[in-house]
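Order of the sequence lines sets the chain letters (A, B, ...), proteins ahead of strands, with each chain counted from 1.
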Amino acid sequence: MSCFAVHSIRPLNWPSVHRRCTYVRGKGMNDYNPATIEEKWQEKWTKSGAFESDVDQSKPKFYCLEMFPYPSGKMHMGHVRNYSIGDSMARYRRLAGFNVLYPMGYDSFGMPAENAAKKIGGHPHNVTWSNIESIRSDLKRMGFSYDWRRELATSDSTYYRWNQWIFLKFHEMGLVERRTAPVNWCDSCDTVLANEQVKNNRCWRCADEVRQKDMAQWFLKMTEYADELLDELENIEFPENVKAMQRNWIGRSHGADIHFPIVGGHDVIKAFTTRPDTIFGVTFVTLAPEHPLCEQLVSGTEFESQYRDLADECAKMSEFDRINMLRDKKGVFLGRYATNPLTGDEVPIYAGNFVVASYGTGAVMAVPGHDQRDHDFAKKYDIPIVQVLSEEEGKDPKQTGRAFEGLGWMVNSGLDGFDGLHGNDAKAAVIKTLESKSMGTGTIQYRLKDWLLSRQRFWGTPIPFIHCEKCGVIPTPIADLPVELPLDVVFTEGQSGNPLASHEGFVNTTCPNCNSAAKRETDTMDTFYDSSWYFLRFSDAMNDSAPFDKINADYWMNGGVDLYIGGIEHAVMHLLYARFFTKALRDAGLNDVSEPFSRLVCQGMVNAPTPFCADCNVEHHVELEGAPCPSCGKSLGTRSAKMSKSLGNTVSPEIMIEKYGADTVRLFILFGANPEAGMDWSDSAIESNFRQIRNVHSALIQGIETQSNSGLMDEWLLARSRASWNNWSQSMADVSLRDGVMISHFEMVSDWQWAQRRGGVSQTTAREYLNTWIPMLYPATPHLAEEMWSSLGNQTMLCQTVLEMEHTISDNQQDSRVLGQEEYLRRVIDRARSVRELAERHTQGPLSAVIIQTAHDWKKDLASQAIRMHQDNFDFKEGGNKFLQTQQCFQNEETKGDVMQFWRAIVVGQKKRRGRIHTWGEQEITLVSNDFDEVQFIASNANFISEALGIENVEVYQAGKGEDVAGKARSSLPLEPGIAWR
RNA sequence: GCAGGGGUUCCCGAGUGGUCAAAGGGGGCGGACUCAAGAUCCGCUGUCAAGCGCUUCGCAGGUUCGAAUCCUGCCCCCUGCACCA
């Protein structure tokens with residue numbers, strides 16, 4: 001069963017160090033003690049096998065996946081956040097009856113292990129495995145609900161043999177290519193890099209400058225999937241910015257390759273353009289200095305030396321110079337002319353430093369009338385500027401001194417059939433004519449390049465090929481896989497080159513074709529290859545006869561991984577490669593699915609306060625806190641910055657778990673911000689989450705211990721819990737975890753406490769409430785939830801429980817009424833408080849009573865009629881007044897004005913406030929239409945009100961039936977009584 | 001320059017046309033409990049003349065009976081790509 005057949009240094013289930021908990025101790029015998037309960041439930045979960053899932057066609061599946069970690073040592077807060085999100089979702093979905101696949105593994109090949117090995121004189125294998133053990137025990141301590149049977153490590157030959165197997169498959173399909181090409185070389189990493197791994201001409205890993213080098217390298221032809229990779233972005237749920245980055249990276253542009261024959265020669269310049277409609281405005285052609293034609297055209301001519309100057313300058317250009325160069329566009333005339341294929345005009349050929357050799361054809365047709373860059377260039381070198389597009393139909397182009405770059409109507413073409421065409425029609429017409437003359441073709445250009453995946457490094461999957469002098473480069477036979485990395489290699493500091501290349505035992509082999517002596521390929525694969533299909537391997541991780549079985553893959557991957565969580569830093573590289581792999585493997589017949597991830601959530605960063613100099617705009621190491629800025633001397637402020645070793649502002653998850661327990665850390669992480677937002681670490685915030693957990697805990701204990709036979713708040717609390725459950729479930733399903741946690745860990749406590757203050761609940765109700773509440777606590781704080789669930793007397797663990805995710809509310813009206821009444825009470829108290837200060841100012845001596853005057857009967861009557869009429873779509877503007885005149889209350893001349901005013905407030909509204917019939921919610925409408933007796937309700941709750949307001953007497957009567965204190969009778973409305981103090 | 005995302009009250013952060021002076025949390029202030037501290041609980045936390053008052057959701061306009069929310073322009077911040085033809 002173990003995935004680690006080869007290296008059996010797998011540790012016990014538990015971290016070797018069992019730490020003592022150091023939390024603050026509370027009082028009483030029902031202390032919240034996370035250390036004890038967390039360990040206890042983790043063991044029970046493991047024993048129960050509840051997180052081990054297998055294909056079950058009868059259940060809906062949910063594949064929840066986190067970007068697996070590179071095992072660099074300890075787990076950090078970013079990991080904690082990533083996996084806390086995933087674990088909550090996995091647990092929530094299990095609770096909802098899904099068959100959940102939730103696996104974990106390690107992306108364990110890569111340079112850091114190799115470098116670490118050099119430092120200590122060991123082998124990367126050992127470094128990697130001890131790191132894996134460390135991170136695994138951290139993961140277990142957090143209580144994440146992985147199916148550990150499926151654990152995998154990419155550096156294990158039981159995994160990477162399938163890398164090799166797939167590579168050979170791709171080779172069969174013609175997707176693998178070995179070719180010599182200019183590649184990105186990083187001196188400090190001693191290897192080539194993929195295009196995706198070069199940022200601003202620097203290595204993504206070490207930030208050293210990258211240089212171009214011609215080398216024979218292995219490529220995967222990702223460009224064959226460019227269109228599908230781009231088009232299918234529309235059908236998957238990725239964040240907008242990730243989609244934008246991928247679109248940008250693939251960079252598809254439609255246009256044409258146009259042939260410009262060189263005057264007095266046989267060569268043709270092929271120029272790619274997205275604007276064939278401007279062809280009649282071409283006044284010169286520009287080549288990249290690296291373009292092979294440049295050399296040919298100038299060699300031996302008077303133009304050679306100035307060309308060489310330009311080419312040399314470009315060749316040794318550093319990143320810094322390139323930025324400067326933006327302001328300095330340079331070009332040199334190459335002494336020759338090319339023919340415009342449609343007009344026959346001869347235009348000069350230039351080499352320009354701004355033309356990129358690797359994009360398009362490395363040649364540009366220049367249209368200074370309609371491209372600002374060409375325009376600037378033409379002015380500088382005194383080349384004619386011709387306008388061939390008009391901004392307005394049927395008019396001559398405007399003379400603006402700038403290039404008009406938009407789409408327009410063709411003019412000045414000089415040929416029949418073009419003038420007057422616009423935009424895409426114009427482009428199509430030009431392409432058609434070019435094609436008919438064989439002078440060009442409509443083409444699509446991509447920015448995306450094939451994936452260069454060979455690396456001159458040791459700690460990666462060996463590329464399974466053999467170099468034979470007679471037979472050439474031939475694949476290793478499938479039966480000989482895996483080609484394993486040797487373990488008898490010593491790494492030392494200062495060592496350079498690839499140790500594989502000098503390992504005799506590895507390199508020397510025989511040719512499978514002709515049996516003569518041959519050498520193994522010593523390049524290894526980019527580690528992004530490993531992570532491009534691990535999600536498929538997880539679907540069938542223990543398979544030792546194939547990468548994965550189709551039935552397993554198709555079941556779990558159907559529609560893609562349902563929720564994939566990870567950092568935005570993989571927006572282009574990993575996510576693009578993985579999408580490509582899934583499609584390529586589909587075409588190899590291994591699976592049916594085309595897109596690996598149906599929903600991607602990029603979790604935000606975990607930030608922490610860091611010293612910051614506002615003047616220099618620089619963040620400093622936390623050591624400098626309180627010190628002056630090292631560069632400008634001013635005193636440093638503070639700013640939130642991503643947790644990093646270099647700033648020293650990291651917080652150790654281990655220490656936090658030790659101090660507060662895993663549940664508190666999880667709650668803090670989930671409550672701190674919704675998954676996609678950035679969040680700030682704060683010591684006081686985690687403290688307060690710990691307090692909150694203890695509040696939850698003591699409310700639960702109180703609930704369990706409740707023994708009363710009757711409760712005043714039974715109806716209300718249960719109505720609340722039904723509504724909360726549904727809201728919670730909806731938030732969880734939407735991955736709005738912060739909202740979900742707010743309901744489960746905050747609002748549910750407040751409701752419980754409110755019910756206690758308002759008179760308490762019966763034992764039956766308390767238990768029913770807890771039965772609803774505790775499962776809500778489970779996804780975010782599973783240990784606490786299990787503990788309380790069992791205290792409640794449940795025999796089945798929550799991890800094995802399935803619940804209905806929508807609570808049916810049988811009597812909606814009744815719930816509305818009960819909830820509405822309570823809400824009404826809260827509002828009355830709030831309003832009373834807000835007028836209290838005023839009253840104090842107007843009254844001598846201490847206040848002794850609050851006087852509440854509810855609305856007159858005629859107001860209630862009108863209001864409930866208005867609601868009914870509104871529900872029947874009555875046109876109040878049209879018939880409102882007429883209706884009013886039929887009403888008895890309107891007949892009394894004294895109150896007529898009040899009635900008018902009230903009517904307005906109810907149906908139309910005044911100022912910025914809409915009429916109450918529009919703003920009342922379901923609860924209010926229920927109360928008003930069912931003639932809720934406010935006087936009776938307040939009277940029966942007078943004790944509570946007097947306690948809440950700290951006042952002796954509460955007097956309540958309907959307006960008109962008692963003294964009109966402070967003239968509040970007039971302004972009373974249904975549900976908004978007039979409130980005064982005395 | 002292009003693309004994507006933002007700017008909400010002391011702070012974080014919810015909020016896509018009226019129920020919004022704006023959830024929730026943090027912080028601050030006050031009160032209860034306590035010898036005291038901590039913990040816990042209750043309240044306050046734009047403004048004033050206390051009202052269906054006034055002002056506030058980056059700035060300036062606009063649409064609307066009504067705008068934090070919709071439209072236009074501008075400013076600023078973050079992220080990615082970038083001499084891409």
Engineer: Where the side chain of A/Trp249 is concerned, which of B/G13, B/C81, B/A85 is the nearest nucleotide?
Structural biologist: B/C81
Engineer: Taking the minimum atom-to-atom distance to the side chain of A/Arg373, which one of B/A23, B/G4, B/C84 wins?
Structural biologist: B/C84
Engineer: Can you tell me how far P of B/C42 sits from CD1 of A/Ile951, to the nearest Å?
Structural biologist: 20 Å
Engineer: If you look at every strand shown and take non-hydrogen atoms under 4.0 Å, does A/Met245 touch a base, only sugar-phosphate, or nothing?
Structural biologist: sugar-phosphate
Engineer: Taking the P atom in each of B/A32 and B/G18, what is the distance between them to the nearest angstrom?
Structural biologist: 42 Å
Engineer: Roughly, in whole Å, what's the span from CG in A/Asn241 to P in B/A3?
Structural biologist: 15 Å
Engineer: Mind checking salt bridge (Lys or Arg N to Asp or Glu O under 4.0 Å) for A/Arg247 and listing every partner two or more places apart, or none if nothing turns up?
Structural biologist: A/Glu234
Engineer: Looking at residues at least two apart in the chain, or sitting in another chain, which of them share a side chain to side chain contact (heavy atoms under 4.5 Å, CB included) with A/Ser750?
Structural biologist: none
Engineer: Counting only side-chain nitrogens and oxygens, does A/Arg757 get under 4.0 Å of the OP1 or OP2 atom of B/C41?
Structural biologist: no
Engineer: Identify, between A/Gly672 and A/Gln753, the residue whose nearest nucleotide on RNA chain B lies closer to the 5' end.
Structural biologist: A/Gly672
Engineer: With respect to the side chain of A/Glu240, which nucleotide from B/G25, B/G4, B/A85 is positioned closest?
Structural biologist: B/G4
Engineer: Taking CZ from A/Arg826 and P from B/C42, how many angstroms apart are they, rounded to a whole number?
Structural biologist: 11 Å
Engineer: In the structure shown, which nucleotide is the Watson-Crick or G-U wobble counterpart of B/G43, with both distances under 3.5 Å?
Structural biologist: B/C29
Engineer: For B/U72, give its Watson-Crick or G-U wobble partner with both distances under 3.5 Å, or none.
Structural biologist: B/A60
Engineer: With a 4.5 Å limit on heavy-atom distance, are the side chains of A/Leu600 and A/Cys602 in contact?
Structural biologist: yes
Engineer: In whole angstrom, what separates A/Asp376's CG from B/G1's C1'?
Structural biologist: 13 Å
Engineer: Rounding to the closest angstrom, what is the interatomic distance between B/C78 and B/A21 at atom P?
Structural biologist: 34 Å
Engineer: Whole-Å distance between B/G4 C1' and A/Leu233 CG?
Structural biologist: 13 Å
Engineer: Checking base pairs now: Watson-Crick or wobble, both atom distances under 3.5 Å. What partners B/A49?
Structural biologist: none
Engineer: Just checking A/Asp371: base, sugar-phosphate only, or nothing, at a heavy-atom cut-off of under 4.0 Å?
Structural biologist: nothing
Engineer: Let's test this: given Watson-Crick or G-U wobble pairing with both distances under 3.5 Å, identify the partner of B/C84.
Structural biologist: none
Engineer: If you measure from the C1' atom in B/C57 to the same atom in B/U16, how many Å do you get, rounded?
Structural biologist: 14 Å
Engineer: Would you call the rings of A/His570 and A/His574 parallel, tilted or perpendicular, where under 30° means parallel and over 60° means perpendicular?
Structural biologist: perpendicular
Engineer: OP1 or OP2 of B/U40 less than 4.0 angstrom from a side-chain nitrogen or oxygen of A/Arg694, does that happen here?
Structural biologist: no
Engineer: Please measure how far the C1' atom in B/U56 lies from the corresponding atom in B/C48, and state the result in whole Å.
Structural biologist: 14 Å
Engineer: Does A/Lys270 NZ have over 12 foreign heavy atoms under 6.0 Å away?
Structural biologist: no
Engineer: What interatomic distance, in whole Å, is found between C1' of B/A14 and the corresponding atom of B/U69?
Structural biologist: 13 Å
Engineer: Using atom P in both nucleotides, what's the gap between B/G38 and B/A50 to the nearest angstrom?
Structural biologist: 38 Å
Engineer: Base, sugar-phosphate, or nothing for A/Arg691, non-hydrogen atoms under 4.0 angstrom?
Structural biologist: sugar-phosphate
Engineer: Report yes if a side-chain nitrogen or oxygen of A/Arg447 is closer than 4.0 Å to either non-bridging phosphate oxygen (OP1 or OP2) of B/A82; otherwise report no.
Structural biologist: yes
Engineer: Scan A/Val367 against the nucleic acid and name what it touches under 4.0 Å (heavy atoms): base, sugar-phosphate only, or nothing.
Structural biologist: nothing
Engineer: Any ion pair linking A/Arg916 and A/Glu924 (charged N to carboxylate O, less than 4.0 Å)?
Structural biologist: no
Engineer: Would you say B/A39 has OP1 or OP2 under 4.0 Å from some side-chain N or O of A/Asn695?
Structural biologist: no
Engineer: Less than 4.0 Å between a side-chain N and a carboxylate O, is that true for A/Asp751 and A/Arg720?
Structural biologist: yes
Engineer: Here's a test of your reading of the structure: between A/Arg827 and A/Ala357, which maps to the more 5' nucleotide of RNA chain B?
Structural biologist: A/Arg827
Engineer: Which listed nucleotide (B/C81, B/A85, B/A23) is nearest to the side chain of A/Asn248?
Structural biologist: B/C81
Engineer: Starting at atom CZ of A/Phe284, determine the distance to atom P of B/A85, rounded to an integer number of angstrom.
Structural biologist: 16 Å
Engineer: Could you state the CD1-C1' distance from A/Ile693 to B/U40, rounded to the nearest angstrom?
Structural biologist: 17 Å
Engineer: How long is the line joining CE of A/Met365 and P of B/A85, in whole Å?
Structural biologist: 12 Å
Engineer: Taking the same atom, C1', in B/U8 and in B/C59, what whole-Å distance lies between them?
Structural biologist: 15 Å
Engineer: Can you tell me which nucleotide in B/G4, B/G24, B/A85 comes closest to the side chain of A/Thr274?
Structural biologist: B/A85
Engineer: Taking NZ, NE, NH1 and NH2 as the nitrogens, is one of them in A/Arg738 or A/Glu676 under 4.0 Å from a carboxylate oxygen of the other?
Structural biologist: no
Engineer: Could you tell me how far B/G61 sits from B/A49 if I compare only their C1' atoms? Round to whole Å.
Structural biologist: 33 Å
